Amino acid sequence: MRVEAYERVFMILAVLVLLFGIVGIGIGALAAGVHVPSPAGRIDPRTLSTTPPFDQPGLRRTGENQYEAVVVARAWQFQPNEIEVPAGSTVTFLLASPDVIHGFVLAGTNANVMVIPGQIARVTARFERPGEYVWMCHEYCGFGHHQMFGKVVVR
Ligand code: CUA
């Protein structure tokens, strides 16, 4: 079968684009640790308010410039809805919902997870510069969805 030179160039380009994509995904997944968010654990949404660590939401220091923020996402607020950390901090957020599906997206970072009843969501963000980083619920969760937001104040 005879293939036109012009057509051959496009066939080769198409294969190269696919190969670049596959190699890119491979490097991201295997070398750079990029992955789809998956549940960090299970929790019964009915007993969320009495199950550690969600019985005491808030910020805890876990090491030098390391923090853990336990946040409850419920219709229609985050608890707590503000945390404060020094610049250079790494914050691991643990999120859970006692009611419906919520979301958590933190502006200026690549933190972006779903908060699904029954699951614990975990996402980590590093804050190099002082400022205010707003987070919000990005999954429509009902009447008060637009009121679900909070912020990280970095000093
Ligand atoms: Cu919670 Cu939208």
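Treat the numbers as computed from the prediction; the structure is a model and nothing was measured. Numbers here are sequence positions counted from 1. All ligand and atom numbering here is 1-based and tracks the order in the structure.
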Checklist entry - Between Thr47 (side chain) and Thr50 (backbone), is there a donor-acceptor pair under 3.5 Å? => result no

Next on the checklist: Any N/O/S atom, side chain or main chain, of His145 closer to atom 2 (Cu) of ligand 1 than 2.8 Å?
Outcome noted: yes

Checklist outcome for this item: Among N, O or S atoms, His102 approaches atom 1 (Cu) of ligand 1 most closely through ND1

Checklist entry - Below 2.8 Å, any N, O or S contact between Ser97 and atom 1 (Cu) of ligand 1? => result no

Item to check | SG (Cys137) to atom 2 (Cu) of ligand 1 to SG (Cys141) angle, given to the nearest 10 degrees | outcome: 120°

Item to check | N/O/S atom of His146 inside 2.8 Å of atom 2 (Cu) of ligand 1, strictly under | outcome: no

Next on the checklist: Can you see whether Gln79 engages Arg74 through a side-chain donor-acceptor pair at a distance of less than 3.5 angstrom?
Outcome noted: yes

Checklist entry - Short question: side chain of Trp76, backbone of Cys141 - any donor-acceptor pair under 3.5 Å? => result yes

Next on the checklist: Other residues, nucleotides and ligands only: do more than 12 of their heavy atoms fall within 6.0 Å of CD on Glu128?
Outcome noted: yes

Checklist outcome for this item: Here the N/O/S atom of Glu139 closest to atom 2 (Cu) of ligand 1 would be O

Checklist entry - Tyr140 vs His145 aromatic rings, parallel, tilted or perpendicular, using cut-offs 30° and 60°? => result perpendicular

